[in-house]
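These numbers come from the heavy atoms of this one structure, side chains and all, not from hydrogens, waters or symmetry mates. To find a chain, count down the sequence lines: A is the first, B the second, and so on, and within it residues start at 1.
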Amino acid sequence: MEALMHQLLSGLANGGIYASVALALVMIFQSTHHINFAQGEQGMFSAYVALTLIQAGFPYWTAFLLALGFAFVSGAAIERIIIRPFERAPVLSVVIVFLGLLFVINSLAGWLFTYNVQSFPSPFPAGLGNRFLSAHEIGMVAVTLVTLLLIFLFFRYTSLGLAMRAAAQNPDASRLVGVRVTWMLALGWGLAGAIGAIAAIMAAPIVYIEPNMMGGILLYGFAAALLGGINNPWGAAVGGFIVGVIENLAGAYVVGTELKLSVALIIIIVVLVTRPAGLFGRTIVTRV
Amino acid sequence: MASPPVAAATRQRSPMQAIAVLLVLAAAATMPFIVSSFHLLQLTMVVIYSIALLGLNILTGYNGQISLGHGAFYAIGAYTTAILLDYTGLPYWAAIAVAGGLCLLVGFLFGLPALRLEGLYLALSTFALAVATPQLLKFHALEEWTGGVQGRYVSAFSPPFGLPLAWDQWLYLFSLAVAAILFLLAWNLLRGSTGLAITAIRDNPIAAVSMGINISLYKSLTFGVSAMYTGIAGGLGALVTQFVAPDSFTVFLSLGLLVGSVIGGVSSISGAIFGAFFIQFVPNVADQISKAVTWAVYGSVLIALMYLAPTGISGFLAMIVRRLREWRKVRP
C-alpha cells in the first residue's frame, strides 16, 4: 500500500511537469492551431540559460525569473519572425518549420553548452521532503500549482488576459473592437515559452540537463494535452497529472521502466481513436 | 505544402524523358566499376534512402498524410530481414520481399486508426511511434529475436551465378535494380486512376468522397504501400550495414527521412532521389564544420526552404525548366 501511495504521489509530481508542457502546447494550439514540436527544446534552452546564470553567481530565484524573461521574449520573437509568415500555409509546411526549429535550438544548445549531461540544482531545502515525496517533488508540485493559479488569474481577471482569449476565439471580431490580434498571438507564444521554461527548469534536477532532456517529457506533454482535450487549457493541465500517474503506475506494475515511452504512444493512440476531443475538450463539427 | 500540379505525375512522358531516365540508370549502373569501394557504399545508401523517401513521398506528398515515424517501418524491415536470414536460411532477396510484405501489413493496420487522425494528429501519433521505437526494439521479451540492446549481426552472402563481382558491387547493383523496379511501380501507380484518387483525397477529401472514392480503403492502402517501400529500404540497409541495433533507429532517423523527403520535393518521384543525396552527403559536409552543426544546418535549410521553395529541389528544377521553355517560346 505504501509503495502504491509512493508511486501515485510521485506520479502526480511528474504530472505537474507534463501539465505545464501540455498547457504551453494548448495555449499555442488554441490561438494558432499549430502544435509546437519545438516547445520542449525552447524550455530546455531556457533551462540552460538559468543554469548559466546560477553558475555565474546569481541567486536561484533571480536566475529563474531571468530565464523566464528570456523564454518569454524568445518565444514571442520566434512567433513574430519565424512562424508568422506561415499563418496561412498548409499543415505540412508548418510541421516542417517546427521541426526545423527543433533541430536548430537543439544543436545550438549542444554547441553552446556541450552535449555533456550536467546536474541542475534544486532550490528546495531537503527538510521539506517526507517519506512519500522528496523535497524537490513537493516544491515542483507547489511551483506548478502556483503557475496554474497565476495563469488562471491572468486570463480571468485582467483585461489583457481577456483580450488574449478574445483574439484566440474570434480574431476578426476582436480586431474590430480594437484588440491588436497579432501582438496577442506573440504574447501567447511568449507566455507558452515561459510556462515551458518552468517545466524544463523543474524537470532538470530530476532528468539532468542535456540538449535532449525534453524528448520524453514533450511526448508525455502531447499525451496529456490530447487526453485532457487539446482545446481546453485546464483539461490539458488535469491531463498532465493523469498522465503522470498512469506513467508511474504502468512503469511500476505493468510494463516496467523499459517501455515507459510506449505508454505515451498508447495513450495518444487510444485517446485519438476512442475520444479524439479528449476528456474535457469540445467536439469540433465541420460544416460540409 | 503548396501542392504542385497533379499533372506532374499523370501527364504522358515524352520519349526524351524516357531516354533521359534510361541514361541516368545506365550511368548509375556503371558506378561500381568507376568509384572506390567507400564511395560505392555511400551510393548504395543513396539508392536505399531514395526507396525509403519514395515511400514517404507517396504517403505525405501525394496522399497528404504526414508521417514523422517512418523510421519505425525502416526498423521493422531491417530487423525482419536480419532475423529471417539468421533463422530461416531464406535467400536475402526473399527475406527482403517478406520484410516488405510484413511492412505492408503493419502499415495497413497502423493506417486503420490513423484514418481518424487528420493532419496534425497523425503527425503527433507517428512522432510518438518514432520516439518509442528504440525502446520497443530493446524490450526484453523480444530479446531472443531482436538481440536487445546489443542488436544483431546480419549474415553475409556472396554474389549469385558466380558473377565476378565483389560483395559491395553486387549489393549496389541489386539495390539499384530493386529501386528501379519500385520507382517504375510507383510511377505507374501514381499516374493512373489510383494516383488521381490518392491525390484527390489530399486536395479535397469531401469532393473525393462525393466522387465515390473509398477514402478509408485508399488511405490505409497508401499507408501500407508507403510502409512497404520504407521497409524494403530498411531490409537493404541491414544488408549494407550487416548489423542492426536499436540506437540506429531513433526518432532522428524518422525526422531525417522527412527532412530528405521535403528537401527533395515531397510531391514528386524524382524528389526522392535528390532527397537521398541530401541526407547521405550533407551531414558529412556539415560534420566537417562541427558535429553540432549538422542538425542546425538541417533545421535552417528546412525553414529557409519552406520560405523560398516549398516544393523542394525537384519543384525548383521543374520551375527552371518551365521558365526556360517559356523563354524559348517568347524569343522570336
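- Listed by chain and residue number, B:Tyr298 satisfy the ring pair (Phe, Tyr, Trp, His ring centres under 6.0 Å) test with B:Phe278 (two or more places apart in sequence, or in another chain).
- Contacts of A:Phe98 with chain B are absent, with no heavy-atom separation under 4.5 Å from either backbone or side chain.
- If you measure heavy-atom distances from A:Val95 to chain B, the contacts under 4.5 Å come from the side chain alone.
- Among residues two or more places apart in sequence or in another chain, the side chain to side chain contact (heavy atoms under 4.5 Å, CB included) test is passed with B:Leu317 by B:Phe274, B:Ile313.
- Only the side chain of B:Val259 comes within contact range of chain A, with heavy atoms under 4.5 Å apart.
- Chain B is approached within less than 4.5 Å, heavy atom to heavy atom, by A:Ile81, A:Ile82, A:Pro85 from residues 78-85 of chain A, ordered by number.
- In this structure, the portion of A:Leu219 lying under 4.5 Å from any heavy atom of chain B is its side chain and not its backbone.
- Contact check for B:Tyr49 versus B:Phe277: no side-chain heavy atoms found under the 4.5 Å cut-off.
- The aromatic rings of A:Phe222 and A:Phe37 sit perpendicular, their planes meeting at an angle over 60°, well past the 30° parallel limit.
- Heavy atoms of A:Leu101 lying under 4.5 Å from chain B belong to its backbone as well as its side chain.
- In this structure, no portion of B:Leu305 lies under 4.5 Å from any heavy atom of chain A.
- Between the side chain of A:Asn36 and the backbone N or O of A:Leu25 there is no donor-acceptor pair closer than 3.5 Å.
- For A:Ile230, the part sitting under 4.5 Å from any heavy atom of chain B is the side chain, from C-beta outward, and nothing else.
- By the 30° and 60° cut-offs, the orientation of the rings of B:Phe110 relative to B:Phe223 is tilted.
- Residue pairs satisfying the salt bridge (Lys or Arg N to Asp or Glu O under 4.0 Å) criterion with at least one member in residues 228-247 of chain A, sequence neighbours excluded, are listed as follows: A:Glu247-A:Lys260.
- Interface check for chain B: of the options A:Leu265, A:Ile266, A:Ile268, the most heavy-atom pairs under 4.5 Å are formed by A:Leu265.
- B:Tyr307 has its ring centre less than 6.0 Å from the ring centre of A:Phe86.
- Of the possible donor and acceptor atoms, none in the side chain of B:Asn57 sits under 3.5 Å from a partner among the backbone N and O of B:Ser267.
- B:Thr230 contributes a side-chain N or O that, together with a main-chain N or O of B:Ser226, makes up a donor-acceptor pair within less than 3.5 Å.
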